[in-house]
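Throughout, a chain's letter reflects where its sequence line sits, starting with A, and its residues are numbered from 1.
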2 protein chains.
Amino acid sequence: MVTDKHYAALDQVLELAVLINDDMTRSLAQDGLTVSRTHLLWELRRRGPSTQRDLADALKVSARTVTGLVDGLEATGFVTRQPHPTDRRATLVTFTERGVRTVEEMERGQQEFARLLFAEMPEERLDCFSEALGEILIRLREASRLTDPRGGDQ
Amino acid sequence: MVTDKHYAALDQVLELAVLINDDMTRSLAQDGLTVSRTHLLWELRRRGPSTQRDLADALKVSARTVTGLVDGLEATGFVTRQPHPTDRRATLVTFTERGVRTVEEMERGQQEFARLLFAEMPEERLDCFSEALGEILIRLREASRLTDPRGGDQ
DNA sequence: CATAATAGTGAGTCAAGCTCACTATGAGGG
DNA sequence: CCCTCATAGTGAGCTTGACTCACTATTATG
């Protein structure tokens with residue numbers, strides 16, 4: 001049985017997804033940054049200097065798309081392409097000074113965002129929320145794994 | 001203070017947004033339907049026959065964009081354009097038979113989705129989740145209202 | 001009636017994804 | 001050693017969905 005409560009909760013979840021998305025889009029529209037380019041920067045931060053191939057795999061995007069994103073990020077001075085030390089086919093994407101600074105700013109922005117969402121929430125409620133959300137994510141990941149044509153089982 | 005718990009919860013929320021988005025994109029890629037076209041269908045369902053202007057406002061999108069979406073939906077036979085009875089500048093977008101059937105199917109899909117996410121969850125936890133999410137949405141809407149250049153205060 | 005506002009569209013731009021075809025390089029098998 | 005195949009990256013060109021600007025047709029108003 002699906003009750004009204006379930007529907008109400010679903011509506012909340014959908015609204016959350018939309019608002020989070022909007023927020024991301026909006027907050028990054030400076031300095032020629034876009035959502036996708038920002039994803040790439042985050043991934044680069046997580047992995048350190050990487051080949052475009054590795055970035056493509058990590059972002060679940062075609063190699064061609066990464067070429068375009070890196071083109072953009074290079075043009076605006078966030079990253080540079082370096083020759084790969086051992087594989088002359090590959091290039092290493094690395095941060096510039098400016099890129100590092102920008103990512104650090106984005107991290108501060110995320111801290112701010114966490115504060116906005118949760119700072120006023122009593123710990124008990126946060127725990128409950130987090131546990132429920134954990135359950136939901138498990139189900140969602142499972143459903144996603146089953147339907148995703150890219151076969152998201154890593 | 002922002003604690004590790006806050007960060008963990010934020011990560012969960014971000015993952016939720018991504019998964020929900022992916023799910024929407026994937027589940028609707030049939031019959032020439034896309035996310036935006038589907039949004040328009042939902043809005044049309046909610047409002048009944050509407051002018052493109054009204055749809056543009058409701059979807060917070062330019063009139064030009066709605067023209068394109070309606071073009072697509074008309075081509076695949078989900079909606080038709082009818083002359084407005086009193087204003088000869090305007091056109092009314094209305095469902096075809098097929099459009100109605102499709103929207104009803106989508107509603108069943110949403111029911112299924114609610115079941116997937118919440119059916120196994122004890123009511124207590126669902127209540128707590130929903131309340132916490134409500135708080136969060138209030139803060140998010142507020143933040144969105146402040147930063148949104150379109151001035152989302154209706 | 002002249003002017004302003006509104007509804008919709010054509011043309012052209014941009015971001016972000018895709019595929020296909022291509023070059024350059026690397027890795028293995030005879 | 002060389003021939004073949006795989007891999008890394010890119011050029012060209014397509015799609016969707018957003019945008020703006022300029023335009024037509026119509027309505028509303030001073």
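Distance CD (B:Q82) to P (C:dG8): 14 Å, rounded to an integer number of Å. The nearest whole Å value for the distance from the CG atom in A:L73 to the C1' atom in C:dA16 is 13 Å. Rounded to an integer number of Å, the gap from B:R64 CZ to D:dC21 C1' is 12 Å. Atoms CG (A:L33) and P (C:dA16) sit 10 Å apart, rounded to a whole Å. Between B:D22 atom CG and C:dA16 atom P there is a gap of 16 Å when expressed in whole angstrom units. Between A:R37 atom CZ and C:dC14 atom P the separation is 12 Å, expressed in whole Å. When the P atom of C:dG17 is taken as reference, atom CG of A:D71 falls 13 Å away, rounded to whole Å. Rounded to an integer number of Å, the gap from CG of B:L92 to C1' of C:dG8 is 13 Å.
Position along DNA chain C of the nearest nucleotide to A:L69 versus B:V66 favours B:V66 as the more 5'-ward residue. Residue whose closest nucleotide on DNA chain C sits further toward the 5' end, between B:T67 and A:A63: B:T67.
Legend: salt bridge (charged side-chain N to carboxylate O under 4.0 Å, His left out) pairs involving residues 7-20 of chain A, not counting sequence neighbours, sorted by first then second residue: A:E15-B:R141.
Checked by atom type, the side-chain pair A:T80/A:E74 shows no donor-acceptor distance below 3.5 Å. Using a 3.5 Å distance cut-off with no hydrogens or angles, the side chains of A:S130 and A:D127 do not pair a donor with an acceptor. A donor-acceptor contact closer than 3.5 angstrom links the side chains of A:T3 and A:H6.
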| Evaluation steps, salt bridge (charged side-chain N to carboxylate O under 4.0 Å, His left out), between A:R81 and A:D71 | CA-CA 9 Å; A:R81 284 180 166 104; A:D71 282 352; 3.0 Å; yes

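A heavy atom lying under 4.0 Å from DNA chain D marks the following residues of residues 47-57 of chain A, by number: A:T51, A:Q52, A:R53.
Here C:dT19 is the nucleotide among C:dA16, D:dA18, C:dT19 with the atom lying nearest to any side-chain atom of A:S62.
Partners of A:L116 by side-chain contact (heavy atoms from CB on, under 4.5 Å), not counting sequence neighbours, listed by chain and number: A:F113, B:R139, B:A143. Remark: A:E104 engages no residue in a salt bridge (Lys or Arg N to Asp or Glu O under 4.0 Å) (not counting sequence neighbours). Applying the side chain to side chain donor-acceptor pair (under 3.5 Å) criterion to B:T102, with sequence neighbours excluded, gives no partner residue.
Side-chain nitrogen and oxygen atoms of B:T65 include none within less than 4.0 Å of the OP1 or OP2 phosphate oxygen of D:dA18.
B:T96 contributes a side-chain N or O that, together with a main-chain N or O of B:F78, makes up a donor-acceptor pair within less than 3.5 Å.
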Write out a two-atom table: protein N or O, nucleotide N or O from nucleotides 26-30 of chain D, distance below 3.5 Å.
| from | atom 1 | to | atom 2 | distance (Å) |
| --- | --- | --- | --- | --- |
| D:dT27 | OP1 | B:R88 | N | 2.8 |
| D:dT27 | O4' | B:R89 | NE | 3.4 |

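Within the 4.0 angstrom heavy-atom criterion, only backbone atoms of the sugar-phosphate kind lie near B:S36; the bases stay farther away.
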